[in-house]
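Atoms within a ligand are numbered from 1 in the order they appear, just like the ligands themselves. We number each residue from 1, following the sequence as shown.
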Amino acid sequence: MSVTGVVQGVGFRPFVHRLALRYRLGGWVRNEAGEVRIEVEGPSTDVQAFVNALRTEAPPLTQIDALEITRTSVKHWTEFRIVPSEDQPDRRQPVSPDVALCAACERELFDPANRRHRYPFVTCTDCGPRFTVIEAIPYDRARTSMRVFQQCAECLREYDEPADRRYHSESNSCPVCGPKVWLEIPGTEGAVEEGQAAIEGAAHALGTGRIVAIRGLGGFHLAVDATDEAPVVRLRERKGREAKPLAIMVRTVDDALRLGTVRASEEPLLTSRERPIVVIKRRRSSRLAPSVAPGLDSVGVMTAYTPLHQILLDLVQRPLVMTSGNVSEEPIATSNSDARARLGDIADAFLLHDREIVARYDDSVVRVVDDVPLFLRRARGYAPLPLEIPIAAPVPLVAVGPHLKNTFTVVHGNTAYVSQHIGDLENLETLAHFQESLALFRRLFRIEPRVAVRDLHPGYLSTRVADELGLGQVMSVQHHHAHVTAVMAEHGRTERVVGVAYDGTGYGQDGAVWGAETLAADLCTYERAGQLRYAPLPGGDLAVRRPWRVALGYLSLEPSEREAFAAAFDGVDEAERALAEQQIARGLNAPLASSMGRLFDAAAAVLGTRQVAYYEGQAAMELEALAGERNADPFPFPLDEEDGAVVMNPIPLLVALGERRRAGDDVRDLAARFHESIAAATIEVARRVADGTGLSTVALGGGVFQNARLLAAVQRGLEESILEVLVPRRLSPNDGSISYGQAASAAALLAREGSS
Ligand code: ZN
Ligand code: ZN
Ligand code: FE
């Protein structure tokens, strides 16, 4: 029989072996490239019991997609064996993500009597690195970066013993034979400490306010004491990360509870085998340094997911900032030499190890909205598990994804392998990461794409990448259409829906900056049925960091409202403002934009909460924090009809915000009223488009829907209007899902071409 799904690197063969022994069946099991193949012989009732148990008792990490049974001739096996893997060139199969330290290994880690006591690389068939060490399939140690570590006699005994929980555990190792840790100090040659002393040295450095670069599972972290303001500020200065929130690592859920409120729907995520960063509501009384997440009422927390992190947190006994080991905007460092070179000016010490990282792998980030997890970033623990697309691609393809928050997707048939988070394609390091990862995916999943899919924007690096792949055909998919098809596809939908895509920026088919679009769309085509009124964006991309510029653009549409907008320009440099006004007047570098992300910026400027932003979305995240859960009434947000499309006019809303602010209203109430206004207008536009087209399903996508308050309000309002609502579940609402949407759309287009 053959079993397909996530069945390699998850302890499946040992499990099959144990079952065969239990039912006294002869035969064998082996990994093949596309599946696990099993042959058993015995009385038919025992074989049946064996097959049932395969399904019901499979180890936790397995995911059985199909189990196919065929009869073969009797061979009179006298025993059951695990036989060497067999490769078949044309087959492919999922690769398991890395898995957090399991409970059994954690007990051994802290058991003084165990031979792996405080061994930072303890793993078993249920846990440890997978994707980050696998170079090719089938999954065997020889095709992983563990191959350089020869198992010692005792490890081999475990590996060969069917009853052992490390039976055929490919990442098996121990203090005698496995990877080593050591501590380095920049400016000093070689290791200053090794083994336990190295981890103790790192803990001591952290406890005395130092910045330590730590090599982890999928790359480096930069760590500091999260309760001490001075080192957190120093880390921000050296890393060039002004205000973006920093993630925190703690050892246990109890430790997380001291930092914030952990809801019943959040706790399972903190202890899951994926262990993402979970954005929770911060406790006012928490010991966290103010600079961890300035201006926000939330904090991203994860629990220690490797044995190395467990030991370190046990030693420091305090929450640690664990931010990606990079200079702002670059990909995280993975190799020791890369880290020494790039992080040498940031870190005071390096905690290194010699298990090579095959795939760069950022921490995943999740936020729970209405008790359902929403991805903000999908990487460690989740990628590269495949998703389905509803219409199979007639030829293999690669979708290269968006410009920012890039992921790519390779497709074979109905199966879409969405890459881990790659980053912003704005520098050569990220481009190299993209290309290395794409090469790895092509090799791991044996996909030779024949079609490249890209964004409409002619100038993006991703566009050049797609063109330079040299494939026979290049297709393009509009950014917001891809947001909508991504949500449709993960829900298996092919019929036309109303798609609401709200984000910061996407290239529109008319050349303008789109970002508040309501589409009537299926996988192949779309019509733009609703949008935000266009306003000039003086400075183009620069406006992302200058919310006052966005406000100025809106003011130019209604110059008589100068007074209501006044707060937006408090303290803004006169010359810079004059220049921006000229850009608008002359139409120079002032593209028209219909961006919901930018409308949040304009609102923050008019409310006086933020005129200059240090990262995209800062103004919006602060407005969401200010609004909290306060009840509020919407302001007027009129809708006009233009050429059959609904146009939302935000000027009266911005004027109302400015006027109420000047009248002394609490800015928190105004932030809440702003959210309610956006939600009400969104619901109304979607309802009108649904009425006009006869559609009854609404798909919500785009980074603006990372805003929990807005997402929940829009979802509830639409459901009250008896519309079915689809929201992103398996991928992020933000641009991380664009490549998957591009792929789903291109596959449908190619299939339609082929059949006509
Ligand atoms: Zn384990
Ligand atoms: Zn060993
Ligand atoms: Fe987007």
When the ring centroid of [X] is compared with that of [Y], is the distance short of 6.0 Å?
X    : Y    : result
F121 : H353 : yes
F375 : Y382 : yes
F110 : H117 : no

For the CD atom on E194, are there more than 12 heavy atoms of other groups (residues, nucleotides or ligands in this structure) within a distance under 6.0 Å?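 No - once you tally the heavy atoms of other residues, nucleotides and ligands closer than 6.0 Å, there are 12 at most.
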Rounding to 10°, state the angle centred on the Fe ion (ligand 3) that links OD2 in D503 with NE2 in H483.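 Rounding to the nearest 10 degrees gives 100°.
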Looking from the Fe ion (ligand 3), what is the angle between OD1 on D735 and NE2 on H479, to the nearest 10°?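 Approximately 100° at the metal, rounded to tens of degrees.
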SG (C102) to the Zn ion (ligand 1) to SG (C105): angle, nearest 10 degrees?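 Between SG of C102 and SG of C105, at the Zn ion (ligand 1), the angle is about 110°.
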Mind reading off the angle at the Zn ion (ligand 2) between the SG atom of C155 and the SG atom of C174, rounded to 10°?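 It comes to 100°.
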Can you check the angle at the Zn ion (ligand 2) formed by SG of C177 and SG of C152? Round it to the nearest 10°.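 Nearest ten degrees: 120°.
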Within 45° of the ring axis of Y305 and under 6.0 Å from its six-membered ring centre, is that where the NZ or CZ of R380 lies?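 Yes, R380 and Y305 form such a contact.
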